[in-house]
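Below is one structure, written out as structure tokens, with a few remarks after it.
Order of appearance sets the numbers: ligands from 1, and atoms from 1 within every ligand.
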Amino acid sequence: MRVPRHVAIIMDGNGRWAERRGLPRAAGHRAGVKPVRTCIEECARQGVEALTLFAFSSENFRRPLTEVGLLMQLFLEALDREIDELAGKGVQVRFIGARELLAAALTERMAAAEARTRDNAGLKLAIAVAYGGRWDILGAAQRLARAVAAGELDWASVDEARFGAELALGDRPDPDLFIRTGGDQRISNYLLWNLAYTELWFSDTLWPEFDAAELERAFAAFAERERRFGLTSAQLGAGAC
Ligand code: FPP
């Protein structure tokens with residue numbers, strides 16, 4: 001079976017999972033840690049090169065302060081708890097997003113996790129925290145504009161490859177497969193540039209119930225898709241891609 005090189009996931013439905021059980025939303029977020037672990041393990045096992053998880057969007061800061069605080073605490077605890085195992089499994093960890101919006105206690109741990117796993121050769125895991133696709137594109141445009149203004153860069157040399165390289169995931173292949181749980185069918189400001197030709201797969205399963213079997217269903221659906229990248233089927237058959 002053709003396995004995606006890069007999988008990007010929006011983990012949605014924690015709140016509803018908890019509310020349906022009469023539990024506080026926090027319980028849903030806590031229950032959402034297990035499927036994160038499952039996805040990392042399964043992707044590593046199946047030879048997926050990169051996995052990018054949307055943990056907290058730029059817009060999630062608008063949630064009640066208590067929920068934001070709880071999520072940040074959960075990320076901190078999960079990082080402290082899981083980093084040894086991730087490092088031991090050869091996972092390379094990276095965080096993408098506006099770090100200046102996060103507490104120092106968290107960003108220090110994030111930087112330490114990145115430094116510790118930088119040379120690992122296994123699964124390239126990126127966790128998007130305080131991330132937005134528009135933030136990413138705007139940041140790239142600003143950095144390039146600054147370089148042009150400083151005379152360090154010729155604007156005419158900025159093509160798609162150069163622009164893409166400036167993004168948070170500029171050194172990784174674009175996602176082949178995008179998964180969103182929780183029933184909604186939208187991109188929600190995730191990896192806007194990178195998802196241009198990504199295969200989209202939506203599931204009604206709420207994130208805390210997402211498991212290896214469900215991931216396998218997504219991979220099976222991906223393997224069935226014909227990826228044309230703007231070409232025709234006949235061109236692909238003739239080996240044009
Ligand atoms: C969306 O569900 C989920 C989040 C905003 C948080 C994602 C966090 C986790 C899965 C916890 C573990 C993560 C890591 C990286 C350790 P929602 O709250 O929007 O659910 P709803 O749509 O049902 O309200």
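Looking at R134 and S58, their side chains never bring a donor and an acceptor atom within 3.5 Å of each other.
The aromatic rings of F229 and Y197 sit tilted relative to each other, their planes meeting at an angle between 30° and 60°.
Residues forming a ring-ring contact (aromatic ring centres under 6.0 Å, His included) with F95 (at least two apart in sequence, or on another chain): none.
Here L167 is tied into one hydrophobic group with I10, F54, I96, Y131, W135, I137, L144, V148, L153, W155, V158, F163, L169, F178, I187, Y190, L191, L192, W193, L195, L200, F202, each link being a pair of ILVMFWY side chains closer than 4.5 Å.
Using a heavy-atom distance under 4.0 Å as the criterion, the protein contacts of ligand 1 are M11, D12, G13, N14, G15, R16, R25, H29, G32, V33, V36, A55, N60, R63, L71, L74, F75, A78, W207.
Using a cut-off of 4.0 Å between Lys/Arg side-chain N and Asp/Glu carboxylate O, R118 and E114 are scored as not salt-bridged.
Among residues at least two apart or in separate chains, salt bridge (Lys or Arg N to Asp or Glu O under 4.0 Å) pairs with a member in residues 53-74 are R25-E67, R63-E67.
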